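In the text below, chain A, chain B and the rest are named by the order of the sequence lines, each starting its count at 1. Everything quoted here is computed from the prediction, not taken from an experiment.
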Amino acid sequence: MDLKLAEARIEAILFTMGEAVELERLAQAIDHDEETTRKIIRNMMDKYDDVSRGIQIIELDGSYQLCTKASMYESIIKITHIPKKHVLTDVLLETLSIIAYKQPITRLQIEEIRGVKSDHAINKLLEYNLICELGRLDAPGRPILFGTTEEFLRCFGLKSLDMLPAVNPEKLEDFKLQAEEEAEQLTLDI
Amino acid sequence: MDLKLAEARIEAILFTMGEAVELERLAQAIDHDEETTRKIIRNMMDKYDDVSRGIQIIELDGSYQLCTKASMYESIIKITHIPKKHVLTDVLLETLSIIAYKQPITRLQIEEIRGVKSDHAINKLLEYNLICELGRLDAPGRPILFGTTEEFLRCFGLKSLDMLPAVNPEKLEDFKLQAEEEAEQLTLDI
Amino acid sequence: MSIRVKLEAFEGPLDLLLHLIDKNKINIYDIPIAEITDQYLEYIKQMEEKNLEIMSEFLVMAATLINIKSRMLLPAADSEDEQEEDPRQELVDKLLEYKMFKYVSEQLKDKQEDASKILFKPPTIPKEIADFKEEIDVSELIGDLTLEKLHEIFSSLVKRQSEKIDPIRSKFGKIEKEEISLADKFIQIQEYGLKNRVFYFRNLLEQQTTRMEIIVTFLGILELIRLGRIMIEQERMFDDIKITFLASDIITMEEAGF
């Protein structure tokens, strides 16, 4: 029973540490002497040899490390090559449209327009290579400026950013007037 | 034999990937259908249950991830320092539980329940990746809808949202009774 | 009653209200509104130095309590068949819901505590595999998204943002913090009362220039009613409120016992 627990502890420690751990430290952690600890590890190694196990303990100059078995390599390549599904969610589309029409723009400015933290969306768009960093704004904190990539232009068949349909200022003025009118119908006094 | 190999592959994949892997991708990687793959993983979970094992497979909303058993914690911190993730204040916890139980939910709805502005809490939870935007509500102003993330499930040890602690009507009845009993000791009237 | 608890400890108006209910061991379904309102106002008074935004949330709750209190003081309408709803019901529902979330957030806290003992391992994908990163096909990602669509999304965002600017409040200009203390206002009202004896609520309001001053004046009046130093009368709803000053001296807030 106690030996089983020791095995479990060693497995958990090697898993968490990732790197090679010296026998001495392992022995301390499981409250056994080094000789016993070595024996426990040997026994574990035998168990890991089973075909149903995909990982193994290797010994490196008196240290031990957990790693995958060489025979598993193909499976690992396989899973990393399964294409992930990427979609432009509403959140991403919204953020992309802001960057396209307002570039160069800082993260903070994007967040002001959207009204919520947008790190996640910006990171995803960077990963998708739809936006890129354009440099830094010459202001306190020197925030990063974002803009769209050439890839973005190419995909929309644009030669340059000038070709983005403009949001005309009149329309903006319209929106404002509209909002004011609506507000007037609702006059409150103290 | 083939099933044993499948187990080994899944173990190796989960070990290498570190993060949660969708059932669908695991199935593709080991060349089995999803139903079979799920059964294989269930079987593996049982084996990991053994006292001699220090790691386990957990399920997170249809994905699987390898991690240590909670009971191993004491041994691990004996040899390495584990930094605390993020400390959630009561305000953050309160806001998070409202989002968890009421998702998808808008900022305004959260504020109505809490009776207090919640921008700061929402932004912090977004930063910690415990909540995310789910889109916008189809209503005037198109407010953003929030919901919890996979990281939320992981941080709270939940398999899925169905596993959230139930708020049963009995508890509400309890609150009521409790309050009534207390009231008898001190009768106040207008 | 002296209640000195750090106000920072409260997350908001509901939290404060729950605290008062717990402290008095009152049934949540049967809140003695008058008592609680008094205690509540007592708390807010200590908040004077707080920023306006937080203060206003607490004041809204105070107003709700006062509203309920006044509705309960009104004679019940000759009951037609329909049962009149207890004016406290809405507040009770809100409080119960809030209490519920406080309760589950405690449970979640325990779960988090347990889960924090489970440790994960960062990815260790061999470099040559990781380098072989899958190319994201941008055109496929964009799919049938057109520039018009993107433009539409942007325009609606801009529209939404301009709607968000409150055309009334945006004309107020800068909000300046003024030093209005309830203690000062409390004395000013009494001075006015001592001089005029009988006056109208409107007379008092005419002297106030800002919304904040009006609020503080109103709080002062409530206090004086509670202390029995003034009497108020109102003939009909929305009529001006007639105030009669009953006392023959002026007391400070400390002397009034808070």
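- A/I13 contributes atom CD1, which lies 13.0 Å from atom CD1 of B/I55 (distance to the nearest 0.5 angstrom).
- Among the candidates A/E74, A/H120, A/K69, A/M72, the residue making the largest number of heavy-atom pairs closer than 4.5 Å to chain B is A/M72.
- To the nearest 0.5 Å, the span separating CD on B/Q28 from NE2 on A/H81 amounts to 13.5 Å.
- Counting heavy atoms of neighbouring residues, nucleotides and ligands inside a 6.0 Å radius, atom CG of B/D138 does not exceed 12 of them.
- With a 4.5 Å cut-off on side-chain heavy atoms, A/V116 and B/R107 count as touching.
- When every heavy atom of A/F15 is checked against every heavy atom of B/L66, the shortest pair comes out as CZ-O, 3.5 Å.
- The nearest pair of heavy atoms linking A/G54 to B/E11 is N-OE1, 2.7 Å.
- The pair B/E133-A/R114 counts as a salt bridge, with a side-chain nitrogen and a carboxylate oxygen less than 4.0 angstrom apart.
- For chain B, the nearby part of A/K47 is the side chain; its heavy atoms alone come within less than 4.5 Å.
- Counting heavy-atom neighbours within 6.0 Å of A/E24 CD, excluding the residue itself, gives a total of 12 or less.
- Heavy-atom distances place no part of A/E111 under 4.5 Å from chain B, backbone and side chain included.
- Rounding to the nearest 0.5 Å gives a distance of 12.0 Å between OG1 of A/T68 and CG of B/L14.
- Rounded to the nearest 0.5 Å, atoms CD1 (A/I30) and OG (B/S75) are 9.0 Å apart.
- Annotation for A/E150: atom CD does not count as buried by contact number, only 12 or fewer foreign heavy atoms lying within 6.0 Å.
- Neither the backbone nor the side chain of B/N129 has a heavy atom closer than 4.5 Å to any heavy atom of chain A.
- Neither the backbone nor the side chain of B/M44 comes within contact range of chain A; no heavy atoms are under 4.5 Å apart.
- The existence of a salt bridge linking B/R136 and A/E94 is confirmed by a sub-4.0 Å separation between a basic side-chain nitrogen and an acidic carboxylate oxygen.
- Heavy-atom distances place no part of A/I10 under 4.5 Å from chain B, backbone and side chain included.
- Formation of a donor-acceptor pair under 3.5 Å by the A/D90 side chain with backbone atoms of B/G135 is not found in this model.
- For B/I76, the parts lying under 4.5 angstrom from a heavy atom of chain A are both the backbone and the side chain.
- For B/Q56, no part lies near chain A; criterion is any non-hydrogen pair under 4.5 Å.
- Looking only at side-chain heavy atoms (C-beta outward), A/K117 and B/E127 come within less than 4.5 Å of each other.
- For B/I82, the part lying under 4.5 angstrom from a heavy atom of chain A is the side chain only.
- The shortest distance between side-chain heavy atoms of B/K4 and A/D50 falls below 4.5 Å.
- Counting heavy atoms from C-beta on, the side chains of B/V21 and A/I79 come closer than 4.5 Å.
- No more than 12 heavy atoms of other residues, nucleotides or ligands shown are found within 6.0 angstrom of NZ on B/K39.
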